[in-house]
Structures are given as structure tokens and as C-alpha cells.
Amino acid sequence: QHRFIAFHTMMRGSGKPAYVVGCAKALAERSIKVLVLDGLMYEQGAIPHQFYELLGSTPVIKDGKNLYDLIRDYEVLCLNKDESNSDGGARMDGPLGFPVTGLNKGRPYSDVCGRAIPLPGWPAISFLPGNNGKVVDVRERIDFHRLYENLDGHQFFDYVKGALSECYDV
């Protein structure tokens, strides 16, 4: 059985990143495969710092290996879906070079698990950052209303959740 655990608070300084990493450590020590997904897409999150502080390891974050680019890739794939192959688009690459792994009601989905970054020294922990590790105030903000209304965003996030359930225990 796969579980998703969410930590959320609007209050800064609450210690949420330390709790997230502490929980990931406790689960990994029990050989449970964990993905830490950071939902901060427009600012620098503290989770990588907490990985270093609590686990002595820092993930190497690269462009394209984050939640922001996963959503952007999906948007671009949707807008360019007419260029997909007649076999359902299985060989079509997204703008960041990730292959399309499936279609749902004509919407192409790119690889999700391949974007997660393994945490050095902790084989049971992977990290999917919100952005590339920098303050992202210069990037175009994602229009979530358009994503949900015009691009079936709810189905996209159901797909993401299902893909992650196949790769991770928590």
C-alpha cells in the first residue's frame, strides 16, 4: 500500500523542512523507499539544506529535474500533441528531453520518476525539488486555473501520483 504524507503550513520558521527530512530518514532506515517532493516552485526551499544538516548529503539539483519543469513540460506537450506519433506518442520527447510515457484522453505525460534525484549515500531516499535550487522570481508563473480548466490538470496530477506510487513506498 502506497502512502502520501503531506506537510503544510503557511507560517515561515515552523521547522517543516526538518520534519520532512527527519521523517524521510526514519522511513529510509526501515528500508522504505521514500520520495521527498518539494512544492515550492517560485522560491528556494530549505529541504536541501536539511538533507545536509540531518543526513550529511546534498542532492545535485539540475534544470529539468524538478516539479516546475515537469508541469511546464506537460503544458508544452499538450500544446504540441498534434506532432505526436500515430502510435500514441510513445516516442515523442518533451522539451526537456524526457520521453512521453503515456497518454490519457489524448493528453501526453512525460516521465515522472526519472526526474527524481537520488540522495547520495541514502539509496532509499530520492528528491524531487520544486525548482532548480534558486529563487525563481524571473520564471513565468504557472497558470493553475488554465492548467486545470484547459489542460486537464486534475488528470495530470492523478497520473503523477500513480507514477510515483509505482516507484516509491512513501
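When a residue number appears, it is its place in the shown sequence, counting from 1.
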Would you sort out whether Thr58 and Phe51 count as a side-chain contact (heavy atoms from CB on, under 4.5 Å), showing the intermediate values? CA-CA 6 Å; Thr58 304; Phe51 278 138; 5.7 Å; no

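- Put simply, Met41 and Tyr148 are part of the same group of oily side chains (I, L, V, M, F, W, Y) that touch within less than 4.5 Å, one to the next.
- Applying the 6.0 Å contact sphere to CZ of Phe157 captures more than 12 heavy atoms from other residues, nucleotides or ligands.
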Show your working on side-chain contact (heavy atoms from CB on, under 4.5 Å) between Cys167 and Leu35 and close with a plain yes or no. CA-CA 9 Å; Cys167 300; Leu35 172 69; over 6 Å; no

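- We find the NZ-CD distance between Lys161 and Glu166 to be 13.5 Å, quoted to the nearest 0.5 Å.
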Test side-chain contact (heavy atoms from CB on, under 4.5 Å) on Ile142 and Tyr68 and set out the steps. CA-CA 8 Å; Ile142 293 169; Tyr68 178 91; 3.9 Å; yes

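- Of all the heavy atoms in Leu40 and Gly45, the pair that sits closest is CD1-CA, 3.8 Å.
- The two residues Leu67 and Gly39 come nearest to each other via the heavy atoms CD2-CA, 4.1 Å.
- Residue Ser31 comes nearest to Asp169 through the heavy atom pair O-OD2, 4.4 Å, listed as atom of the first residue, atom of the second, then distance.
- In this structure, Val20 and Val36 approach most closely via the heavy-atom pair CG1-CG1, 3.6 Å.
- Remark: the backbone N or O of Leu119 is not paired with any side-chain donor or acceptor of Ser57 at under 3.5 angstrom.
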Using atom types as modelled, flag every donor-acceptor pair under 3.5 Å from a side chain in residues 123-130 to any protein atom, sequence neighbours excluded.
residue: Ser126; atom: OG; partner: Tyr168; partner atom: OH; Å: 3.4

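- In this structure, Lys62 does not pair ionically with Asp69, as no charged nitrogen and carboxylate oxygen lie closer than 4.0 Å.
- Linking ILVMFWY residues whenever their side-chain heavy atoms come closer than 4.5 Å, directly or via other members, places Leu27 and Leu55 in the same cluster.
- Between Leu54 and Gly22 the shortest heavy-atom distance is CD1-N, 4.1 Å.
- Both Tyr42 and Leu70 are assigned to one and the same hydrophobic cluster, defined by single-linkage of ILVMFWY side chains at heavy-atom distances under 4.5 Å.
- A distance-only check finds no donor-acceptor pair linking the side chain of Trp122 to the backbone of Ala28 [under 3.5 Å].
- Here the shortest heavy-atom pairing between Arg141 and Arg72 reads O-NH2, 3.1 Å.
- Two different hydrophobic clusters hold Ile117 and Tyr52 under the rule that ILVMFWY side chains link at heavy-atom gaps under 4.5 Å.
- Here the CD-NZ distance, from Gln50 to Lys16, works out to 12.5 Å after rounding to the nearest 0.5 Å.
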Asp143 and Glu75: side-chain contact (heavy atoms from CB on, under 4.5 Å), yes or no, with the steps? CA-CA 10 Å; Asp143 182 346; Glu75 290 176 324; 5.6 Å; no

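- Between the side chain of Tyr74 and the backbone N or O of Leu147 there is no donor-acceptor pair closer than 3.5 Å.
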